[in-house]
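Atoms within a ligand are numbered from 1 in the order they appear, just like the ligands themselves. Side chains included, hydrogens not; waters and symmetry mates left out as well; all remaining heavy atoms used.
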Amino acid sequence: MTQLIKFPENFLWAAATSSYQIEGAWNEDGKGESIWDRFSHTPGMVKNGDTGDVAIDHYHRYREDVALMREMGLQAYRFSIAWPRILPLGRGNIVQAGIDFYSRLVDELLAAGITPFATLYHWDLPQALQDEGGWTVRSTAEAFVEYTDVITRALGDRVKNWMTHNEMSVVVNDGYISGGHAPGRKNDFVGAVRTGHHLLLSHGWAIPVIRRNSPGCEVGAVINANYNMLGSNSKADRLAHNFGDGIWVRWYLDALYGRGYPADIREKLQTSAMVPADQWDFIQPGDMDTMATATDFVGLNYYFRGVTRSNEVPAEENDQQTVFQMPKDDVNWTEMGWEVYPDGLRHVLARLYFEYQVPKIYVTENGASYSDAPGPDGRIHDERRTHYLEGHFRAAHQAIQMGVPLAGYFVWSLFDNFEWGHGNSQRFGLIWTDYQTQQRIWKDSAYWYQQVIKQHGIAE
Ligand code: FCB
């Protein structure tokens, strides 16, 4: 008999999605326009001109989708709520039909024995708020609290696990620096730090509201932290590595866990004139304490290892030429161009627990993009995805053995779906989506995951 690596008794096996990526029905039942509607409708922003207008039509197919989750054996499901379905203009007028959709979804999940984990903000900001400055202005953080109040009043009796923001650093860096995500600003460093600040602030403000409306609930933020290694021993690379870790990871974790913004990074932003010294007045007294309001858990989204090289110094002028790099094959690199590196998950989990003393952690996203399609036998032999997940489950188990309080694992994603700037071209699903017919087909990895859940463990 094969030996099993067993997970702790209450460990949750789960999967994740987000509203804009799956729902479709972009303008139905009174929903307002979001910044992702605007962005994807702007020519040239999303690969192949794909949009989330229909996505995988989950808005109309949620019953059938929950039935699939039940069949797979999922114990929990992470989804997000589209703010503009609830308050089309971001504040003020409430649309009951939007609330009713999520209410029906939650009832359906509970009836199937699946615990709902709801994310309040997974990037689909009401466009009306963007028109007033979006997250760069404090009033958007205030509007977020109003929205949080409305939706947690409606669902707080049944949803007991709440996540405020998904990946604040991606909202900041992709939305305001690279411009690859909505609202598509490039190199707006002042806009970036202001955005990060108001996201963090709104997270802190929302916590007591959620607790009041959802007695006995647990609340946390979802951060993304990949494993970053230093590419060489050159001074330029060391500085770049520290800065990269600072703006992607420490900026948020330090703020959430009461250390304030990292002084070295703030200094660098100021001295490089990216964010001049006179531009920091958006930080008001008390803000840093608000952000550090205690939470129950942190959600970690982990995907890959990065190897940092400075791009400030051309490679040939760098004082150290030995650069670490894995050979690029198509098993150890996913179609996103992300390196498969399970050990990194263990390192990042350990860092969260030992450096920040986080009381409880969920892996809120982890998964791989491979486009394996139905073969002549009608099946989808995506063994690379199974291999990816198995390696990461093993790393998670090792972290648990080290004492990390990891409570559950949400595979990204349950279905192939709209992958932001990549449109429908990147497929992360356990379940294949045929975008023409909306047929859902289980991939081999989905059958494998069903087995893992049943056995509550993976083969030794
Ligand atoms: C994360 C996002 C999620 C999905 C995965 C692949 O950054 O939170 O929506 O797109 O990447």
> Could you pull out every donor-acceptor pair under 3.5 Å between side chains of residues 181-192 and any protein atom, sequence neighbours left out?
{"unit_1": "Asp188", "atom_1": "OD1", "unit_2": "Gly191", "atom_2": "N", "d": "2.7"}

> Taking Lys31 for its side chain and Trp26 for its backbone only, find out whether a donor-acceptor pair lies under 3.5 Å.
yes
> With Arg194 as the cation and Trp135 as the aromatic partner, state whether NZ or CZ is under 6.0 Å from the six-membered ring centre and within 45° of the axis.
no
> May I ask you to decide whether Asp444 forms a salt bridge with Arg379, counting only side-chain N to carboxylate O separations under 4.0 Å?
yes
> Would you please name every residue forming a salt bridge (Lys or Arg N to Asp or Glu O under 4.0 Å) with Asp57, sequence neighbours left out?
Arg61
> Strictly under 4.0 angstrom, heavy-atom based: which residues surround ligand 1?
Gln21, His122, Trp123, Asn166, Glu167, Asn301, Tyr303, Glu365, Trp412, Glu419, Trp420, Phe428
> Please list all pairs meeting salt bridge (Lys or Arg N to Asp or Glu O under 4.0 Å) that have one or both residues in residues 164-175, counting only residues at least two apart or in different chains.
none
